[in-house]
Amino acid sequence: MKGTDRNSKFLLTHREREVFELLVQDKITRDIAGQLFISEKTVRNHISNVMQKLNVKGRSQAVVELIRLGELKI
């Protein structure tokens with residue numbers, strides 16, 4: 001189907017990718033915020049945005065889907 005993989009290389013923003021790479025290392029929101037010098041609210045917003053993009057209902061589902069799509073490696 002034409003256009004199905006458009007933007008597949010750019011599904012995540014750079015910051016969203018950083019947040020999820022830390023998530024798969026078992027980091028909690030507070031740790032991620034501290035490491036990236038952003039607020040916990042911003043971390044939650046990034047996670048929320050990714051869950052919306054993927055149409056999933058939780059962080060773990062988002063991680064599983066990102067791995068399946070080849071966006072994240074563990």
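Just so you know, these numbers use all the heavy atoms, side chains as well, and skip hydrogens, waters and symmetry mates.
The hydrophobic clustering, which links ILVMFWY residues whose side-chain heavy atoms are closer than 4.5 Å, places Val24 and Leu69 together. At a threshold of 4.5 Å between side-chain heavy atoms, the hydrophobic network of Ile, Leu, Val, Met, Phe, Trp and Tyr places Ile28 and Ile38 in two separate groups.
Separating the CZ atom in Arg59 from the CG atom in Leu66 is a distance of 13.0 Å, to the nearest 0.5 Å. Rounding to the nearest 0.5 angstrom, the gap separating the CD1 atom in Ile74 from the CZ atom in Phe20 is 14.0 Å. To the nearest 0.5 Å, atoms NZ (Lys27) and CG (Leu22) are separated by 6.5 Å.
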For residues 44-55, please give each side-chain donor-acceptor pair under 3.5 Å, one per line with the distance, not counting sequence neighbours.
{"from": "Asn45", "atom 1": "OD1", "to": "Lys41", "atom 2": "NZ", "distance (Å)": "3.1"}
{"from": "Asn49", "atom 1": "ND2", "to": "Asn45", "atom 2": "O", "distance (Å)": "3.3"}
{"from": "Lys53", "atom 1": "NZ", "to": "Leu11", "atom 2": "O", "distance (Å)": "2.8"}
{"from": "Lys53", "atom 1": "NZ", "to": "Glu16", "atom 2": "OE1", "distance (Å)": "2.7"}
{"from": "Lys53", "atom 1": "NZ", "to": "Glu16", "atom 2": "OE2", "distance (Å)": "3.4"}

Exercise for review: Please lay out, stage by stage, how Asp31 and Gln25 fare under the test side chain to side chain contact (heavy atoms under 4.5 Å, CB included).
Suggested key: CA-CA 11 Å; Asp31 295 340; Gln25 295 171 31; over 6 Å; no
Review point. Would Leu23 and Ile32 satisfy side chain to side chain contact (heavy atoms under 4.5 Å, CB included), going step by step from the backbone distance to the final call?
Key: CA-CA 8 Å; Leu23 260 184; Ile32 295 169; 3.9 Å; yes
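For the pair Arg68 and Glu65, the tightest heavy-atom approach, listed with the atom from each and the gap, is NH2-OE2, 2.6 Å.
By the side chain to side chain donor-acceptor pair (under 3.5 Å) test, Glu18 pairs with His14, Arg15, sequence neighbours left out.
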